[in-house]
Amino acid sequence: MISRRKFLKRSSEAGVAFAATGVGLGAMLSEPSSRSAAGDVEASEAGRRAQQSFEIRCDSARGDTRQENPVATTNGDEERYADKRANFAKTLPHNELGEVEPSAYADWVSILTRDDPGQFEQIPRDPLAVAKLNDPQAAYAFDLVGIDSHATHLPPPPAFACRAMAIEMAELYWQALTADVPFQNYEASPLIAAALSDLNAFSHPPGGSLAGKITSGKLFRGETVGDLVGPYISQFLWLEIPYGIKIIDQRYRFPGRNQYFLTEFAEWLACQRGAKPGATLHFDSQLRYICSNRELAEYVHQDFSFQSYLNAALIMLRLGPEALSPTNPYRGSRTQFGDITFGNKNVLSLISQAALLGQKGAYYHKWLVHRRLRPECFAGRIEVHLSGRKSYDIDSAILSCDAVARVKAANGTWLLPAAFPEGCPTHPSYPAAHATNAGACATILKAFFNEDYPVPHPVEATADGSELLPWKGQPLMLGNEINKLAGNIALGRDAAGVHFRSDSINGLFVGEEQALGLLCDYSRTYNERFDGFVLSTFSGEKIRVVNGETKPA
């Protein structure tokens, strides 16, 4: 079998050799025939067009394979622990402590890393397993645009025993405890005050900067400037969505308050083994807007990969030409408007394409590199450790955390209360696929729309989610609200208890990297006079993507 790198190298060299012959693709494919002079011109033009198309694709391939894929670095946990305490193993055989059987795990990793599709039906299964693993072979899938999933960059996640992991778990316990507190009430809530006191006791609280502590206005939020401006929830999760001849109101049926799962050890253990959930969610009959983490967690439970970004694009497309990117070549035209190029068809199709690329990037890192355990599994280690059944090298800060003590007092165990009866999905934690999708799709939105355009008539939901009221604070800009949307969707999975903050924040950058590769490829394809896609990255840098290159704006 040819390795991925050798295959890409051979394909690129073959393309270079073809282009270097100087023979037009149309000429090579045409059959000899007698032609008139007009026919010769037409044939020549057809050959020129085919050659141009071929050269664009070769330039794109050369650009995407110019550098060697980065050497993936792990946190060392998989090699460090014989019991695989720090790795994802849902649906595999487990012992009574909720640990995977080491031999089964070794067999599974052997199958996974050999990439032989015929072997995947031999994956070890727990006798109770009903659930199936989520698409591990996606880690090997190629794509025909953008950079390869194996060429994306991602730092290793925090190690099992480190303080950073303890801080991330503390945030998750507090998100579970405060799931029903309305965002509107954060400043006045005694429970939120307790969360701030506990989390700020850490040297570097989650989401906070090195220079300061978190406040009620920063708690559980994303880490861009846009995440911290205005209401917690992005306008794109509240505003009406124009959908053809219909308008979609963003009130939904959400689960009732105070529903938690996997708080009993037997239920938790069955979940790790992949058993069918024994409980179900109960939904309120009254529709409401997203107003707390309870609703946000369920939104990201049921959404499809590019749903919220498709909605955001439909909302912005109705705002008129001034909401389009300043570099859109049709903004000043008297005779034309963009449609297939630089218009609605262009942006909507690229959003879905970017989401698929983001998902492939996530699954490569999840399955072939990190195989990080999910938060519910780490909570199981805390439960086993504190109950005295086995000692793990868990950082003491999480063991003495106020949130963990409150969960024990409420439920009788130290297990992390989950928002979903089935617990986490059946694929590893790092990075979050919702986050890589968010990073990719948000990057496309920022490339096509004017980040400095103010949202007209902004709103915020009431504390009970029954209605939307006018937002009376500072103006809200499209770029900030796009970044906030990405943060809401990514960190909404944390609020559900199925991801860590580092899964979500670092996942945004994987998606962004792939979307920039996608924009590079498409920037070569336009006929219009075009100054490039100009956008701000999640790190705050202003960049320009033009003629297949990314450079400072």
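In this chain, numbering begins with 1 at the start of the sequence shown. What you see is a predicted model, and the numbers here were worked out from it, not measured in a lab.
Within 6.0 Å of OH in Tyr526 there are more than 12 heavy atoms belonging to other residues, nucleotides or ligands. Heavy atoms from other residues, nucleotides or ligands lying under 6.0 Å from CD of Glu121 number 12 at most. Counted within 6.0 Å of NZ on Lys276, heavy atoms from surrounding residues, nucleotides or ligands total 12 or fewer; the atom is thus considered open. Counted within 6.0 Å of CD on Glu264, heavy atoms from surrounding residues, nucleotides or ligands total 12 or fewer; the atom is thus considered open.
Shortest non-hydrogen contact noted between Ala159 and Asn75 is CA-ND2, 3.7 Å. Taking every heavy atom of both residues into account, Ser504 and Ala435 meet most closely at O-CB, 3.1 Å. Residues Phe538 and Gly439 share a closest heavy-atom pair of CE1-CA, 3.6 Å. The shortest non-hydrogen separation linking Pro431 to Leu154 is CD-CD2, 3.7 Å. Nearest heavy atoms, Ala515 versus Ala440: CB-O, 3.3 Å. Considering every non-hydrogen atom in both Ala166 and Ile398, the closest pair reads O-CD1, 3.6 Å.
Contact of the His499 side chain with the Arg374 side chain is registered, since non-hydrogen atoms from C-beta on lie closer than 4.5 Å. In this structure the side chain of Trp268 never reaches within 4.5 angstrom of the side chain of Glu383, judged on heavy atoms. Side-chain atoms of Lys90 and Cys271, non-hydrogen and from C-beta on, do get closer than 4.5 Å to each other. The shortest side-chain heavy-atom distance between Cys401 and Tyr173 does not fall under the 4.5 Å cut-off. Side chains of Lys366 and Ser429 form no contact here, defined as non-hydrogen atoms less than 4.5 Å apart. In this structure, Ile444 and Leu518 have side chains that are in contact, with non-hydrogen atoms separated by less than 4.5 Å. Contact check for Phe500 versus Met165: side-chain heavy atoms found under the 4.5 Å cut-off. The shortest distance between side-chain heavy atoms of Lys446 and Asn483 falls below 4.5 Å.
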Handout entry: Phe88 vs Leu133, side chain to side chain contact (heavy atoms under 4.5 Å, CB included): CA-CA, chis, key distance, verdict
Key = CA-CA 11 Å; Phe88 176 86; Leu133 293 178; 4.2 Å; yes
Exercise for the section: Decide yes or no on side chain to side chain donor-acceptor pair (under 3.5 Å) for Tyr363 and Asn134, but give the supporting numbers first. Expected result: CA-CA 9 Å; Tyr363 277 44; Asn134 188 321; 2.9 Å; yes
Problem - From CA spacing to verdict: side chain to side chain contact (heavy atoms under 4.5 Å, CB included), Lys484, Glu481 - result: CA-CA 5 Å; Lys484 189 189 294 180; Glu481 291 302 300; 3.0 Å; yes
Practice task
Could you give me the CA-CA distance, side-chain angles and deciding distance for Tyr105 and Glu99, then say whether side chain to side chain donor-acceptor pair (under 3.5 Å) is met?
Solution key: CA-CA 10 Å; Tyr105 187 85; Glu99 298 171 339; over 6 Å; no
Exercise for the section: List the steps and the verdict of side chain to side chain contact (heavy atoms under 4.5 Å, CB included) for Tyr522 and Val145. Expected result: CA-CA 9 Å; Tyr522 272 90; Val145 287; 4.3 Å; yes
Handout entry: Chi angles and distances behind the side chain to side chain donor-acceptor pair (under 3.5 Å) call for Tyr81, Asp393
Key = CA-CA 11 Å; Tyr81 301 115; Asp393 53 344; 2.6 Å; yes
Handout entry: Stepwise side chain to side chain contact (heavy atoms under 4.5 Å, CB included) check, Asp135 with His427
Key = CA-CA 8 Å; Asp135 203 1; His427 50 91; over 6 Å; no
Problem - Derivation and outcome, side chain to side chain donor-acceptor pair (under 3.5 Å), residues Glu451 and Ser536 - result: CA-CA 8 Å; Glu451 294 186 59; Ser536 57; 2.4 Å; yes
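Thr413 contributes a side-chain N or O that, together with a main-chain N or O of Thr263, makes up a donor-acceptor pair within less than 3.5 Å. Panel note: side chain Gln514, backbone Thr152; no donor-acceptor pair is recorded below 3.5 Å. Counting only distance, with no hydrogens or angles, the side chain of Glu168 and the backbone of Ser502 share a donor-acceptor pair below 3.5 Å. Judged by distance alone, with hydrogens and angles left aside, the side-chain atoms of Glu376 form a donor-acceptor pair with the main-chain N or O of Cys424 at under 3.5 Å. With His370 contributing its side chain and Leu368 its backbone, the two residues share no donor-acceptor pair below 3.5 Å. Looking at Asn488, its side chain does come within 3.5 Å of a backbone N or O of Tyr232 through a donor-acceptor pair. A distance-only check finds no donor-acceptor pair linking the side chain of His365 to the backbone of His153 [under 3.5 Å]. Not a single donor-acceptor pair under 3.5 Å links the side chain of Ser60 to the backbone N or O of Ile56. The backbone N or O of Lys132 sits less than 3.5 Å from a side-chain atom of Thr426, completing a donor-acceptor pair. Here the side chain of Asp521 pairs a donor or acceptor atom with the backbone of Gly146 at under 3.5 angstrom.
Stacking of Arg524 on the aromatic ring of Phe533 is not recorded, the 6.0 Å distance cut-off and the 45° axial limit not both being met.
Considering CD1 of Ile382 and OH of Tyr392, their distance stands at 11.5 Å, rounded to 0.5 Å. Summarising the geometry, atom CZ belonging to Arg381 is positioned 9.0 Å from atom CD1 belonging to Ile394; distances are rounded to the nearest 0.5 Å. To the nearest 0.5 Å, atom CD1 of residue Ile167 and atom NE2 of residue His204 are 7.5 Å apart. How far NE2 of His434 is from CD of Gln359: 8.5 Å, rounded to the nearest 0.5 Å. Residue Leu508 holds its CG atom at 10.5 Å from CG of Asn437, rounded to the nearest 0.5 Å. In this structure, the separation between NE2 on His301 and CG on Leu296 is 13.0 Å, given to the nearest 0.5 Å.
In this structure, Asp503 pairs ionically with Arg372, as a charged nitrogen and a carboxylate oxygen lie closer than 4.0 Å. No salt bridge links Glu96 with Arg389; every basic N to acidic carboxylate O contact stays at or beyond 4.0 Å. A salt bridge does not link Asp494 to Arg501: none of the charged nitrogens lies less than 4.0 Å from a carboxylate oxygen.
Ring orientation note: the planes of Phe448 and Phe342 are tilted relative to one another, at an angle of 30° to 60°. Ring geometry, Phe160 versus Phe378: the interplanar angle falls from 30° to 60°, so the pair is classed tilted.
In terms of the ring-ring contact (aromatic ring centres under 6.0 Å, His included) criterion, Phe236 has no residue partners (sequence neighbours excluded).
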Ignoring hydrogens and angles, write down the donor-acceptor pairs under 3.5 Å from the side chains of residues 540-553, residues two or more places apart or on other chains.
{"unit_1": "Arg544", "atom_1": "NH1", "unit_2": "Asp531", "atom_2": "O", "d": "2.9"}

Name each donor-acceptor pair under 3.5 Å that joins a side chain in residues 307-314 to protein atoms two or more places apart or in another chain, with its distance.
{"unit_1": "Gln307", "atom_1": "OE1", "unit_2": "Phe304", "atom_2": "N", "d": "3.2"}
{"unit_1": "Asn311", "atom_1": "ND2", "unit_2": "Gln307", "atom_2": "O", "d": "3.4"}

